[in-house]
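Residue numbers start from 1 in every chain, and the chains themselves are labelled A, B, ... in the order their sequence lines are given, proteins ahead of strands. When reading the values below, keep in mind they use all heavy atoms of this one structure, side chains included, and skip hydrogens, waters and symmetry mates.
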Amino acid sequence: MNSYNHKAIEAKWRSYWEETQAHTVTMDPDKPKFYCLDMFPYPSGAGLHVGHWRGYVLSDVWSRYKKLQGYNVLHPMGWDAFGLPAENDAIKKGIHPTVSTASNVATFKRQLHEIGAMYDWTREVNTTDPGYYKWTQWIFVQMYKRGLAYRKEMPINFCPSCQTGLANEEVVQGACERCGTPVEKRHLMQWMLRITKYADRLLEGLKTLDWPEKVVKMQEAWIGRSEGAEVVFAIDGADEQITVFTTRPDTLFGATYMVLAPEHELVSKITTPEQKEDVEKYVKQAMSKSSVERMANKEKTGVFTGAYGINPVNGKRIPIWVGDYVLIDYGSGAIMAVPAHDERDYEFAQKFALPIIPVIAEKDGTVPDLPFVIDGVLINSGPFDGMDSENAKKAITEHLQKKGQGRASVQYKMRDWVFSRQRYWGEPIPIVHCPKCGEVPVPEDQLPVTLPDVENYQPTGTGESPLAAITEWVNTTCPKCGGPAKRETNTMPQWAGSCWYFLRYADPDNDTALADPEKLAYWLPVDLYVGGIEHAVLHLLYSRFYIKFLYDIGVVDFDEPFVRLFNQGMVTKDGAKMSKSKGNVVNPDELVEHYGADSLRIYELFIGPPEVDSEWMDNGIEGVYRFIQRVWNLVVRSLKNMPEPTLASEKLRHRLIATVTERIESFKLNTVVSAFMEYVNQLGQTVDRQSLETLVILLAPLAPHLAEELWQLLGHKPSVFDARWPQADPAMLVADQVTVAIQVNGRTRGTVDVPADAAQEDVMNAAAAITSVKNALEGKEILKTIYVPGKILNLVVK
RNA sequence: GCCGGGGUGGCGGAAUAGGUAGACGCUACGGACUUAAAAUCCGUUGGGCGUUUCGCCCGUGCGGGUUCGAUUCCCGCCUCCGGCACCA
């Protein structure tokens, strides 16, 4: 008997697929499409480990499953190749990023080939390819023209290690998301994208998506929509006024002081001469604090400005303070403080002995312990007394509106996107600065603005990009007036290229458009997107923003890019994420060599629920390898002496179809594998042809090489992927014999096998024969009998 | 602090419109085959106890509750992981 030889089989089918271009797909309006996408990787020098495999196997299983169901499946792969590691390598080793990127891509590609996935490599994209980033720049120009990209000098988060500005989304607990270095505040002239203009649509769109609840929640929290009111306070004895945002206009009568952020422009204007020295000292100190320091120290600090605001509802004079617990970039950078009903204000008022006036009571009218931060009934609020919070919010807002001293307002936590990076290895921002014309976008027919070769990649650390030093590149002519001008030297963040790459796969070589609209209309949007949870609010939010913009300008006809999202769990080793520095990386190459790609693919699925982190066990793959051999041997043995199908084998076969289909659909891929194992364990030494063919087709998404070989052994012409996914016959799924558990007082005493339609008495009679049941019933009286057909018979006795 | 998700054998994990807890696999142990080993195959494998072809008790983080019956539902805790964190 010939035995399973994974090396020969996998090599054979890999070259078959290549020779027949089995994975090259073309648009076919007569066939339904399925777009199954992996988050494209950054091709690092380290190569792939078994953790990377997990997501790629998952998406390939789905791609092949859909293909077997007759879909025209787009399953592409490419490279998110701009980024700091290549640039840092260039600095350290003097290798041009283009060179190291090319070599890393080659390594990655070789390793990806090992998976045996059905990637259509003719559609490969690379974000660093000028033919690609031409369109990344083109999108930026469109945004610029519509006022969505703008330049502004402002304090931003700056990573001193990466030597570049960061977006808010790239700061995690006060540190750089990439390298963990605490970020600093720097005043820099920055390119910004007006993502906040899309805040509401980004929030609304989430409701339409088939995404993990967790990611939806994270994006909702990040966007952070709050409804409330703007309230205008006059300043006593001055011509200025202060606008505040509050979500609790119902507590307005309880406002006993106001606070301005240290950066607020009115601070210097309203401070009285007596308070000037203290205030200036405080402001200076507050501004010098890093965001980490500001976050670490939650002790309230502040200084009185000497000025007073006038509460628009009751005319009360209340002191205006400066305090760094008020943030300049949220709302208006100023608050009304209601210490009775806000924990932070309460703490501040306690510390500085400011008055605390309760204006909200419990629903039943009792005055609660302070601070009382939830809704209730108004007290001490003049004409609004007795009104509940919900109504009072509306009533007070309306009242203010009539007086011209306020209005309903919505605020978001999300800020505009800091888009410039002071680094070399990214897309140049296609803007020219002309002394006469100002900022001028590079005309579309002059794109791409390509990266020049440089000698020194070292970031300047001054907030200028290394590109600024290349005078022959920087000096250019103004596209408008033809006069001398300078190029923008900031580059785009890595996210820019990944915001829209999935569009390019539809038409990767198009030189006249981002992609042919007809092809976009056919292939997009992405039906299933598979990747890690780490991009929950970065890439996935930015992409959604880009697509909404491209929808608005008519480039695409959909406004959500990813219909369904699946986040695969991490593969851990010794309880930790795999990393070179921890030395716990499991290399797939050796496993493929020893057990084959099919075994590793199945083990990646079998390791645990795909959405959950799972611990790698070196022995685990052994069991899968044995299973594959059992399948192989079953087919080979059966071919020598093929039995006829029986009712029993047909029932098992249909049950398998139903179970596997159901479990793939619900992403319970670990239990798909166990379903196959159970099935094979139930069979005898040989089984009929029909059963074998079904088994091979069902197994094909998981173990494509094995399935192709067995399909051929069974006498078919390749490929097994030309076959169709079988349908389970509902009639064959009905069991005629069932096992019923017998319980006495809810405790299981044994089981009986009876026909599915057995009457209660028959089950009862069979149960009475069981020793342990007899024991338990001995001398007792049966009070009640619960019979659930096919499940249990419970006897309640006393 | 707030929000979300978990805690089941030696291990990875099954099973929740309430119905035989531990499927499947790993490990370990025993056996068959072999000169021997590897591979393969067969058996046992949650804990405890007994009168051991059988039977009893305990057992899904902890404590209560609902129910004929709870890993599943409810209440109160402990604990781990992830996200956010002075956003008014």
Side-chain angles (χ1 to χ4, degrees), chain A residues 3 172-174 212-222 224-226 228 244-248 251 255 258-259 261 294-295 297-300 323-338 341-345 347-348 373 411-415 533-534 536-537 570 602-603 606-609 611-624 626-627 629-630 633 668 670-681 739-752 771-772 775-776 783-797:
Chain A
S3 61
V172 179
Q173 299 181 1
E213 207 32 53
K214 182 180 175 154
V215 178
V216 171
K217 284 262 164 61
M218 279 167 75
Q219 291 210 357
E220 279 172 358
W222 189 263
R225 185 180 202 270
S226 294
V244 303
F245 173 74
T246 179
T247 54
R248 294 296 303 273
T251 65
M258 302 179 76
V259 186
R294 202 158 149 171
M295 257 173 0
N297 184 12
K298 298 226 169 163
E299 175 85 11
K300 298 281 177 290
D324 72 357
Y325 82 97
V326 175
L327 308 174
I328 187 63
D329 50 3
Y330 182 76
S332 60
I335 61 157
M336 65 177 210
V338 184
H341 305 291
D342 182 280
E343 277 169 16
R344 298 151 301 183
D345 297 345
E347 202 188 315
F348 191 87
V373 299
Q411 294 291 325
Y412 300 91
K413 287 187 196 172
M414 185 170 68
R415 311 288 146 83
I533 186 83
E534 66 274 17
V537 285
M570 238 181 356
I602 294 181
Y603 183 58
F606 193 51
I607 187 167
E611 72 282 6
V612 170
D613 291 352
S614 295
E615 173 72 9
W616 181 267
M617 290 193 305
D618 289 323
N619 289 320
I621 195 171
E622 295 271 357
V624 168
R626 281 180 206 139
F627 161 72
Q629 287 181 311
R630 277 204 298 277
N633 293 336
K668 292 177 168 180
N670 53 328
T671 64
V672 169
V673 178
S674 55
F676 279 118
M677 289 173 167
E678 279 177 87
Y679 175 73
V680 173
N681 289 348
T739 304
V740 175
I742 309 302
Q743 301 184 335
V744 179
N745 287 342
R747 186 178 280 280
T748 303
R749 296 291 168 179
T751 61
V752 293
T771 314
S772 58
N775 291 349
L783 300 177
K784 198 172 165 189
T785 306
I786 294 119
Y787 178 53
V788 183
K791 300 271 185 185
I792 58 128
L793 175 72
N794 189 9
L795 305 170
V796 184
V797 303

Undergrad: Do the ring planes of A/Phe245 and A/Tyr330 sit parallel (below 30°), tilted (30 to 60°) or perpendicular (above 60°)?
TA: perpendicular

Undergrad: Let me know the distance between CG of A/Asp613 and C1' of B/G82, rounded to the nearest Å.
TA: 9 Å

Undergrad: Can you tell me, in whole Å, how much space there is between the P of B/G10 and that of B/C3?
TA: 35 Å

Undergrad: Between C1' on B/C84 and NZ on A/Lys214, what's the gap in Å once rounded to a whole number?
TA: 12 Å

Undergrad: Using atom C1' in both nucleotides, what's the gap between B/A28 and B/U20 to the nearest angstrom?
TA: 27 Å

Undergrad: Would you kindly give the CH2-to-P distance between A/Trp222 and B/C84, to the nearest whole Å?
TA: 7 Å

Undergrad: Could you work out the separation of B/C73 and B/A17 based on their C1' atoms and round it to a whole Å?
TA: 12 Å

Undergrad: Just call it for A/Ile786: base, sugar-phosphate, or nothing, with non-hydrogen atoms closer than 4.0 Å on any strand.
TA: base

Undergrad: Counting only side-chain nitrogens and oxygens, does A/Tyr325 get under 4.0 Å of the OP1 or OP2 atom of B/A88?
TA: no

Undergrad: Closest nucleotide of RNA chain B for A/Thr751 versus for A/Ile533: which of these residues is on the 5' side?
TA: A/Thr751

Undergrad: Side-chain N or O of A/Arg747 versus OP1/OP2 of B/A70: is the shortest distance under 4.0 Å?
TA: no

Undergrad: Give the dot-bracket line for RNA chain B from 5' end to 3' end: parentheses for intra-strand Watson-Crick or G-U pairs under 3.5 Å, square brackets for crossings, | for inter-strand pairing, dots for unpaired.
TA: (((((((..(((......[....))).(((((.......))))).(((((...)))))..(((((..]....))))))))))))....

Undergrad: Check whether any side-chain N or O of A/Ser674 sits under 4.0 Å from OP1 or OP2 of B/A23, and answer yes or no.
TA: no

Undergrad: Considering only heavy atoms and no angle criterion, is a donor-acceptor pair shorter than 3.5 Å present between the side chain of A/Glu343 and the base of B/G1?
TA: no

Undergrad: Quick one: is B/C68 close enough that its OP1 or OP2 comes under 4.0 Å of any side-chain N or O from A/Lys784?
TA: yes

Undergrad: With respect to the phosphate group of B/A39, does any side-chain polar atom (N or O) of A/Arg626 fall under 4.0 Å of OP1 or OP2?
TA: no

Undergrad: For B/C78 and B/G63, measure between their C1' atoms and round to the nearest Å.
TA: 10 Å

Undergrad: For the residue pair A/Tyr603 and A/Trp616, does the interplanar ring angle fall in the parallel (under 30°), tilted (30 to 60°) or perpendicular (over 60°) class?
TA: perpendicular

Undergrad: Taking syn as within 90° of 0 and anti otherwise, name the glycosidic form of B/U52.
TA: syn

Undergrad: Looking at A/Arg630, does any N or O in its side chain come under 4.0 Å of the phosphate oxygens OP1/OP2 on B/G25?
TA: yes

Undergrad: Are A/Asn794 and B/U20 close enough that a side-chain N or O sits under 4.0 Å from OP1 or OP2?
TA: no

Undergrad: Please measure how far the C1' atom in B/A14 lies from the corresponding atom in B/C26, and state the result in whole Å.
TA: 15 Å

Undergrad: For A/Met570 and B/G6, give me the distance from atom CE to atom C1', rounded to whole Å.
TA: 14 Å

Undergrad: Does OP1 or OP2 of B/C24 have a side-chain N or O of A/Asn670 closer than 4.0 Å?
TA: no

Undergrad: If we take the C1' atom in both B/U60 and B/U16, what is their distance in whole Å?
TA: 12 Å

Undergrad: Going by a 90° cut-off around 0, is B/G9 syn or anti?
TA: syn

Undergrad: Using the C1' atom as the point on both nucleotides, what is the distance between B/A15 and B/A21, in whole Å?
TA: 7 Å

Undergrad: Grab the CD-P distance between A/Gln173 and B/G83 for me, whole Å please.
TA: 7 Å

Undergrad: Nearest-Å distance, CE (A/Met677) to C1' (B/C26)?
TA: 10 Å

Undergrad: Can you check whether A/Thr748 has a side-chain N or O nearer than 4.0 Å to OP1 or OP2 of B/A21?
TA: yes

Undergrad: Could you tell me how far apart A/Leu783 (CG) and B/G69 (C1') are, to the nearest whole angstrom?
TA: 15 Å

Undergrad: If you measure from the C1' atom in B/G7 to the same atom in B/G61, how many Å do you get, rounded?
TA: 6 Å

Undergrad: So, is A/Ser226 close to the B/A88 phosphate, meaning a side-chain N or O under 4.0 Å from OP1 or OP2?
TA: yes

